[in-house]
Amino acid sequence: MEIIKKNNNIILTNCNNFSLEQTFECGQCFRFEQTSEGLYSGVALGRKLIIGQEKDIVTLYDVSESEFEQRWRSYFDLDRDYACILDRLSFDGRMREAVRRACGLRILRQEGWETLCSFIISQNNNIPRIKKIISSLCRLLGEQISEDAYSFPTAEKVAAAGIDGLAPIRSGFRAKYIIDAARKVSEGQINLSEIGSLEYLRAREKLMCIKGVGEKVADCVLLFAFGFYEAFPKDVWVKRIIDKYYGEDFEADYFGENAGIAQQYLFYYERSLLKESVCEE
DNA sequence: AGCCAGGGTCTGC
DNA sequence: GCAGACCATGGC
């Protein structure tokens with residue numbers, strides 16, 4: 001990868017194993033949308049970002065070199081050698097198949113509180129509605145950072161709103177869970193800045209003290225925000241995948257230290273198979 | 001109308 | 001430890 005500064009943009013050339021579409025449409029992140037021009041636009045790390053891709057050339061619009069280094073290099077996890085990781089995971093035939101179809105999915109390094117809150121909202125819910133609820137939460141309690149963009153509200157702000165204050169976002173039974181998380185984070189009972197330095201199972205246990213956070217939600221937060229690549233979130237899709245391709249005696253450690261990456265590739269793979277079969281109608 | 005969605009809690013065995 | 005009811009909401 002090479003970094004070029006041009007006008008007010010940052011251009012990344014030779015971007016291997018990086019697809020914006022796969023990275024943003026794989027269900028790890030709910031705040032980026034494709035624009036009518038084929039770009040992706042969204043808010044992360046308190047900033048609005050517009051980013052586009054032409055083959056292996058990625059352009060971050062209106063981003064300075066220091067902002068790229070400070071924020072987006074780690075957010076997109078650009079220093080991780082995905083070619084090597086995917087090659088190692090391809091000892092498994094199904095993973096080989098998944099990688100053959102899509103090899104540009106990257107696990108983002110998202111913010112802890114936003115990810116925690118987002119995956120509490122995700123429970124027993126579907127992706128379009130998760131996006132809608134998060135979007136209205138940001139509009140309700142976040143800071144306006146441009147004409148059409150709002151930051152993710154702080155835990156303090158959400159805690160102050162209370163369950164009744166969340167009524168407009170229509171999150172249903174999840175509102176009480178969001179508030180419990182917001183209280184525990186803002187009062188320091190859960191210190192998100194130390195989660196990443198704990199051992200995986202300790203960190204998981206800690207997150208699961210929050211009402212509405214079980215194993216699956218905790219694993220998503222650990223994987224998508226804190227770099228625990230051994231976390232292997234099992235939602236209905238992944239359970240289906242295990243049933244279909246692996247069977248009863250499957251263990252989450254089958255894929256080893258990068259099980260979470262494998263999980264995300266398989267999740268994306270299985271959903272793309274479904275979309276394909278729907279299109280054929 | 002009924003089922004499902006990147007689940008979790010609570011109760012009862 | 002495990003099964004089952006229940007939880008809000010919206011799209012199909």
Side-chain angles (χ1 to χ4, degrees), chain A residues 21-33 98 102 105-108 110-112 114-137 139-140 161-184 190 204-226 228-245 248 250-252 255 259-275 277-279 281:
Chain A
E21 193 270 338
Q22 291 163 29
T23 298
F24 283 132
E25 311 282 1
C26 74
Q28 63 173 321
C29 164
F30 305 106
R31 292 271 278 154
F32 277 83
E33 295 290 346
L105 194 167
R106 279 173 179 269
I107 306 294
L108 297 169
Q110 302 182 70
E111 289 166 283
E114 172 172 341
T115 310
L116 170 61
C117 197
S118 297
F119 280 92
I120 287 173
I121 290 168
S122 82
Q123 70 161 284
N124 201 29
N125 210 342
N126 56 67
I127 292 176
R129 198 166 83 96
I130 296 165
K131 286 184 174 179
K132 197 179 275 181
I133 293 172
I134 292 172
S135 162
S136 33
L137 174 65
R139 206 169 311 127
L140 182 69
I163 294 179
D164 294 340
L166 291 185
I169 72 173
R170 305 191 66 71
S171 58
F173 63 87
R174 305 165 192 84
K176 54 183 178 291
Y177 302 148
I178 297 169
I179 294 303
D180 188 58
R183 292 210 174 117
K184 288 194 165 99
I190 304 264
R204 195 180 196 232
E205 222 171 88
K206 211 130 207 226
L207 291 177
M208 286 172 63
C209 293
I210 300 165
K211 295 248 180 223
V213 178
E215 294 180 351
K216 192 272 174 182
V217 170
D219 278 337
C220 283
V221 177
L222 293 174
L223 177 59
F224 300 138
F226 291 104
F228 287 93
Y229 295 97
E230 68 267 52
F232 191 85
K234 276 191 230 166
D235 70 331
V236 290
W237 285 90
V238 174
K239 285 173 185 163
R240 232 175 267 156
I241 288 164
I242 292 171
D243 279 350
K244 187 168 162 190
Y245 302 121
E248 291 287 305
F250 179 87
E251 300 281 346
F255 286 111
I261 296 177
Q263 180 271 359
Q264 204 55 21
Y265 270 81
L266 293 171
F267 179 85
Y268 185 85
Y269 167 75
E270 193 65 14
R271 287 167 65 93
S272 69
L273 287 184
L274 176 76
K275 281 181 193 167
S277 69
V278 171
C279 282
E281 304 282 323

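Letters A, B, ... mirror the listed sequences (proteins, then strands); counts begin at 1.
At a threshold of 4.0 angstrom between heavy atoms, the contacts of A:Cys26 include nucleobase atoms, whether or not backbone atoms are also involved.
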Anything under 3.5 Å between a protein N or O and an N or O of nucleotides 10-13 of chain B, put it in a table, one pair a line.
unit_1, atom_1, unit_2, atom_2, d
B:dC10, OP1, A:Lys211, NZ, 3.3

Taking only nitrogen or oxygen atoms into account, show me every contact under 3.5 Å that the protein makes with nucleotides 9-11 of chain C, one pair per line with its distance.
unit_1, atom_1, unit_2, atom_2, d
C:dT9, O2, A:Arg129, NE, 3.3
C:dT9, O2, A:Arg129, NH2, 3.2
C:dG10, OP1, A:Arg170, NE, 2.7

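Here, C:dA8 and B:dT11 have their P atoms 15 Å apart, quoted to the whole Å. When the P atom is compared between C:dA5 and B:dC3, the two are found 13 Å apart, to the nearest whole Å.
Partners of A:Phe224 according to the ring-ring contact (aromatic ring centres under 6.0 Å, His included) rule, which considers only residues two or more places apart in sequence or in another chain, are A:Phe119. Remark: A:Lys216 pairs with no residue by the salt bridge (Lys or Arg N to Asp or Glu O under 4.0 Å) rule, at least two apart or across chains. Residues satisfying the salt bridge (Lys or Arg N to Asp or Glu O under 4.0 Å) criterion with A:Lys132, sequence neighbours excluded, are absent altogether.
Contact annotation: A:Arg271 side-chain N/O to B:dG6 OP1/OP2 distance is under 4.0 Å.
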Hey, can you pull the donor-acceptor pairs under 3.5 Å for the side chains in residues 174-182 of chain A, sequence neighbours left out?
unit_1, atom_1, unit_2, atom_2, d
A:Arg174, NE, A:Ile121, O, 3.2
A:Arg174, NE, A:Gln123, O, 2.9
A:Arg174, NH1, A:Ser171, O, 2.9
A:Arg174, NH2, A:Gln123, O, 3.0
A:Arg174, NH2, A:Asn124, O, 3.0
A:Lys176, NZ, A:Phe173, O, 3.0
A:Asp180, OD1, A:Lys184, NZ, 3.1
A:Asp180, OD2, A:Lys184, NZ, 2.8
A:Asp180, OD2, A:Lys211, N, 2.8

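Put simply, A:Phe267 rests on the base of B:dG6: the two rings are less than 5.5 Å apart at their centres and nearly parallel, under 30°.
If you run salt bridge (charged side-chain N to carboxylate O under 4.0 Å, His left out) between A:Glu270 and each of A:Lys239, A:Arg240, A:Lys275, A:Lys244, only A:Lys244 comes through.
Below 30°, between 30° and 60°, or above 60°: for A:Phe232 and A:Phe250 the angle between ring planes is between 30° and 60°, a tilted geometry.
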